Amino acid sequence: MRGFMRELAAAEIGATYNFYRHGERAPLLHTRLERYLDDRAGARTLLVGEAPGYRGTRISGIPLTSERQLTGAGPAEATATIVHRVLCELGIEADVLLWNVVPTHPGTATSNRPPSRAEVLDARPFLDALARGRRVVAVGRLAAGVLDAPYVRHPSHGGAAAFAAGLRHTLAL
């Protein structure tokens, strides 16, 4: 994973913010993600969202995960909370690797925006590297449009129950 992390930290993906390279927390976030990827190296399923949120991955460094989930302090993110709750309820949290179509943050420190088509293309090698040998599940419409993979509804904006049901059905649990 060291080579993967070096490439990710060096990546310039359109106008996205690479928090693995920039900012005072970059070394911490880089280390966290590297450990997470090592810990989940054997995960059979890759759950792919759209992009890091300004209250979630941009702060925690771990896809679809908030700082509060890692440390008990800092911001929480609804999507991250729902994703982890459902994975835990299904008993599959340790066997799922979480990722985003675009691994760097499109938006500002206080806002999100959808990634551009060019950013999605620039980020594709990272997604492809992690998808190899895994069952891939697209979370949300953007991920579904990029991947040739089963789709589950994104859990935000009232989609928690549909996300859980879709994941249960897709993974035949």
Side-chain angles (χ1 to χ4, degrees), residues 4-37 39-40 46-88 93 96-127 129-130 137-147 151-164 167:
F4 179 90
M5 287 304 303
R6 267 194 306 276
E7 289 179 30
L8 179 57
E12 292 186 29
I13 301 173
T16 66
Y17 178 70
N18 189 338
F19 44 86
Y20 300 111
R21 180 177 67 216
H22 298 294
E24 65 183 42
R25 290 174 50 91
L28 170 65
L29 303 184
H30 185 281
T31 299
R32 276 183 180 171
L33 181 61
E34 187 170 21
R35 284 185 187 147
Y36 172 77
L37 293 174
D39 288 348
R40 293 292 199 288
L46 180 67
L47 207 61
V48 182
E50 180 178 299
Y54 76 94
R55 293 180 55 86
T57 307
R58 181 175 169 140
I59 304 297
S60 73
I62 308 296
L64 297 163
T65 304
S66 70
E67 184 69 16
R68 189 167 304 164
Q69 290 169 306
L70 295 177
T71 67
E77 183 183 57
T79 295
T81 301
I82 295 165
V83 167
H84 283 272
R85 185 190 75 229
V86 169
L87 294 177
C88 186
E93 193 168 18
V96 173
L97 177 63
L98 302 171
W99 195 249
N100 286 299
V101 170
V102 174
T104 51
H105 180 242
T108 69
T110 59
S111 70
N112 297 320
R113 68 165 172 80
S116 70
R117 178 181 294 278
E119 290 164 345
V120 168
L121 291 173
D122 288 348
R124 188 63 195 240
F126 298 105
L127 175 57
L130 293 178
V137 178
V139 178
R141 296 282 178 209
L142 187 133
V146 170
L147 299 165
Y151 159 84
V152 296
R153 189 200 188 290
H154 195 281
S156 67
H157 305 292
F163 168 76
L167 197 55

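All values derive from a computational prediction rather than experimental measurement. We number each residue from 1, following the sequence as shown. All heavy atoms count here, side chains included; hydrogens, waters and symmetry mates do not.
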- Hey, is the main chain of Thr79 close enough, under 3.5 Å, to the side chain of Thr81 for a donor-acceptor pair? no
- Message: Checking the side chain of Tyr20 only, and the main-chain atoms of Thr104 only, is there a donor and an acceptor separated by less than 3.5 Å?
- Response: no
- Kindly indicate, with the supporting measurements, whether the criterion side chain to side chain contact (heavy atoms under 4.5 Å, CB included) is fulfilled by Arg58 and Tyr17. CA-CA 9 Å; Arg58 181 175 169 140; Tyr17 178 70; 3.4 Å; yes
- Return yes if some donor-acceptor pair links the side-chain N/O of Arg40 with the main-chain N/O of Val96 below 3.5 Å, else return no. yes
- Item | Heavy-atom closest pair, residues Gln69 and Leu64 | OE1-O, 4.4 Å
- Distance col, row Leu33:CG vs Trp99:CH2, nearest 0.5 angstrom, shows 5.0 Å
- Message: As an exercise, state the distance from CZ of Phe126 to CD of Glu7, rounded to the nearest 0.5 Å.
- Response: 6.0 Å
- Specify the closest pair of heavy atoms between Ala80 and Ser66, including all atoms of both residues, with the distance to one decimal. CB-N, 3.6 Å
- Message: Check whether Arg55 reaches the backbone of Ala76 with its side chain - one donor and one acceptor, N or O, closer than 3.5 Å.
- Response: yes
- Message: I'd like to know if the side chain of Asn18 and the backbone of Ala11 have a donor-acceptor N/O pair within less than 3.5 Å.
- Response: yes
- Query: What heavy-atom pair brings Phe19 and Pro103 nearest, and what distance separates the two atoms?
  - Reply: CZ-O, 3.4 Å
- Task: Could you pull out the closest heavy-atom pair between Val101 and Leu127, with the gap in Å?
- Result: CA-CD2, 4.4 Å
- Query: Among all residues two or more places apart in sequence or in another chain, which pass the salt bridge (charged side-chain N to carboxylate O under 4.0 Å, His left out) test with Arg25?
  - Reply: Glu67
- Task: Please answer whether the main-chain N or O of Leu8 pairs with a side-chain N or O of His30 as donor and acceptor at a distance below 3.5 Å.
- Result: no
- Message: With side-chain contact (heavy atoms from CB on, under 4.5 Å) as the test, pick out the partner of Asn100 among Val48, Leu142, Val139, Thr57.
- Response: Thr57
- Item | Polar side-chain atom of Tyr36 near backbone of Leu98 as donor-acceptor pair, under 3.5 Å | yes
- Set of side-chain contact (heavy atoms from CB on, under 4.5 Å) partners for Ala129, sequence neighbours left out: Phe4, Arg132
- Write out all pairs satisfying side-chain hydrogen bond (donor to acceptor under 3.5 Å, both in side chains) with one or both partners inside residues 111-124, taking only residues at least two apart or from two chains. His105-Asn112, Thr108-Ser111, Arg113-Glu119, Ser116-Glu119, Arg124-Asp128
- Message: Please check: side-chain N/O of Arg68 versus main-chain N/O of Gly74, any donor-acceptor pairing under 3.5 Å?
- Response: yes
- Query: What pair of heavy atoms forms the shortest contact from Pro27 to Gly23, and how long is it?
  - Reply: CD-O, 4.2 Å
- Apply side chain to side chain contact (heavy atoms under 4.5 Å, CB included) to the pair Leu167 and Leu87, showing each step before the final yes or no. CA-CA 9 Å; Leu167 197 55; Leu87 294 177; 3.7 Å; yes
